[in-house]
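The structure appears right after this line, and notes come after that.
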Amino acid sequence: MVYTVTMNPSLDYIVTVDDFKLGLTNRTSDELMLPGGKGINVSIVLSNLGIPNSAIYFSAGFVGDEITRRVKESGIRAEEIRISEGCSRINLKLKSIDGTEINGMGPSISDGNIREFYEKLDKIKEGDTLVLAGSIPSTMPETIYSDIMERLDGRGIKIVVDATKDLLLNVLKYKPFLIKPNNHELGEIFGVELKTRESVVPYAKKLLEMGAENVIVSMAGEGAVFVASNGEVYMREAPKGKLVNGVGAGDSMVAGFVAGYIEKGDLLHAFKMGLSSGSASAFSEFLATKEEVMKVYATVE
């Protein structure tokens with residue numbers, strides 16, 4: 001079984017406003033509402049690819065109810081930790097204005113909520129996969145992902161981490177199965193600017209030396225770099241297609257990699273599935289379907 005964790009899920013309200021004018025009343029010409037949060041995005045694409053999975057997340061208020069309804073509607077097992085006060089966040093995304101977003105704060109998470117969360121994690125078994133993805137609420141410690149990995153260390157669980165800065169660096173000593181920074185996040189860690197696939201390689205290898213088993217570095221239109229646990233390096237340019245919606249492309253890459261590895265146990269196939277899934281979502285209005293992913297996969301050499 002695959003489990004995903006989303007500490008601060010959202011209901012994403014994605015709108016298009018033609019000829020937006022600041023300070024005046026504007027009306028939408030197109031709108032869409034989707035459950036959001038990186039872990040939930042991973043779960044949706046896994047479900048689309050036929051991989052059974054459970055989404056573990058915190059929820060509160062009427063927004064939390066709607067997130068759960070939509071998660072279940074996507075064929076995912078919802079394992080919500082219900083927060084009695086506050087409300088899950090709504091993120092407003094202005095699609096027509098250079099990706100402008102206004103993201104909500106989300107509810108405060110209590111010690112009791114954390115205990116319930118750990119009780120769910122303790123049920124994960126040897127051979128399962130756990131995906132830790134995205135940011136955390138300000139009320140949670142920066143060590144939360146490494147605390148999770150310490151708790152589960154030695155239990156034969158493959159853990160995938162898609163996070164930034166200290167959230168990512170703190171987990172490396174526990175040897176995550178896969179991490180997926182993008183080139184900007186990787187450059188920020190080491191204080192450099194990384195624009196080409198070749199320039200990414202030495203820094204991805206450093207993350208292996210620091211403890212990661214496998215590293216994918218996503219690079220949007222430049223494609224991706226994969227450094228495997230055996231030291232082999234794979235670089236692929238981005239598949240050809242029209243960018244429609246970049247939201248969730250990185251999460252789709254994580255989901256595709258996990259699905260590919262579960263399918264064949266082969267790292268190169270997993271990387272190609274990851275690259276194909278990320279690109280297919282970028283070429284689609286919604287997160288990619290299996291048909292869309294496999295269409296892109298056929299073009300990846």
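The residues of the chain are indexed from 1 along the displayed sequence. Atoms considered below: every heavy atom in the structure, side chains included; atoms not considered: hydrogens, waters and symmetry mates.
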_Result of checking I148, D122, I109 against F117 for side-chain contact (heavy atoms from CB on, under 4.5 Å)_ = I148
_Residues forming a side chain to side chain donor-acceptor pair (under 3.5 Å) with D251, sequence neighbours excluded_ = K38, N41
*Go through the side-chain N and O atoms of E185 and T164 and say whether any donor and acceptor fall under 3.5 Å apart.*
no
_We want to know whether N113 and S110 form a side-chain donor-acceptor pair, criterion being a heavy-atom distance below 3.5 angstrom._
yes
*With a 3.5 Å cut-off and no angle check, do the side chains of T289 and N48 form a donor-acceptor pair?*
no
*How about T6 and F58: do any of their side-chain heavy atoms sit closer than 4.5 Å?*
no
*asked:* Please tell me whether T68 and Y57 have a donor and an acceptor in their side chains that are separated by less than 3.5 angstrom.
replied: yes
_Is the shortest side-chain heavy-atom distance between M149 and K175 below 4.5 Å?_
no
*Please collect all side chain to side chain donor-acceptor pair (under 3.5 Å) contacts where either partner lies in residues 273-283, sequence neighbours excluded, each pair once.*
S252-S281
_Under the criterion salt bridge (charged side-chain N to carboxylate O under 4.0 Å, His left out), I'd like the reasoning laid out for K195 against E193: C-alpha separation, chi angles, the key distance, then a yes or no._
CA-CA 7 Å; K195 293 185 176 181; E193 189 173 12; 3.6 Å; yes
*Applying salt bridge (charged side-chain N to carboxylate O under 4.0 Å, His left out), run through E101 and K93 and close with a yes or a no.*
CA-CA 4 Å; E101 300 182 11; K93 300 179 183 293; 2.9 Å; yes
_Quick one, V296 and V293 - any side-chain contact, counting heavy atoms below 4.5 Å?_
no
_I want to check something: taking the side chain as every heavy atom from C-beta on, are I159 and Y145 in contact at a cut-off of under 4.5 Å?_
no
*Hey, are the side chains of L172 and V161 touching, using non-hydrogen atoms and a 4.5 Å cut-off?*
no
*Distance only, no hydrogens: is a donor on one side chain within 3.5 Å (strictly under) of an acceptor on the other, for N170 and T143?*
no
*asked:* For the aromatic rings, using the six-membered ring if either is Trp, is the centroid distance between H269 and Y297 under 6.0 Å?
replied: yes
*Indicate the atoms forming the closest heavy-atom contact of G39 with A133, along with that distance.*
N-CB, 3.8 Å
_N26 side chain to K21 backbone, donor-acceptor under 3.5 Å_ = yes
*Taking the side chain as C-beta and beyond, is there a heavy-atom pair between L11 and N91 under 4.5 Å?*
no
*Quick one: list whatever passes ring pair (Phe, Tyr, Trp, His ring centres under 6.0 Å) with F271, sequence neighbours left out.*
F226
*So E291 and K295, salt bridge (charged side-chain N to carboxylate O under 4.0 Å, His left out) or not? Walk me through it.*
CA-CA 6 Å; E291 182 181 1; K295 184 178 179 180; over 6 Å; no
*For residues E222 and T196, determine if any side-chain heavy atom of one lies less than 4.5 Å from a side-chain heavy atom of the other.*
no
Quiz: residues 203-220 side-chain donor-acceptor pairs under 3.5 angstrom, not counting sequence neighbours:
from : atom 1 : to   : atom 2 : distance (Å)
N214 : OD1    : S229 : N      : 2.9
N214 : ND2    : F177 : O      : 2.9
S218 : OG     : K180 : NZ     : 2.9

*Is the closest side-chain donor-acceptor distance between S74 and S47 under 3.5 Å?*
no
*Identify, with sequence neighbours excluded, every residue that meets salt bridge (Lys or Arg N to Asp or Glu O under 4.0 Å) alongside E79.*
R77, K120
*Residues that, via side-chain heavy atoms closer than 4.5 angstrom, fall in one hydrophobic cluster with F286*: I14, L32, L34
*Could you tell me whether the side chains of Y234 and E232 share a donor-acceptor contact shorter than 3.5 Å?*
yes
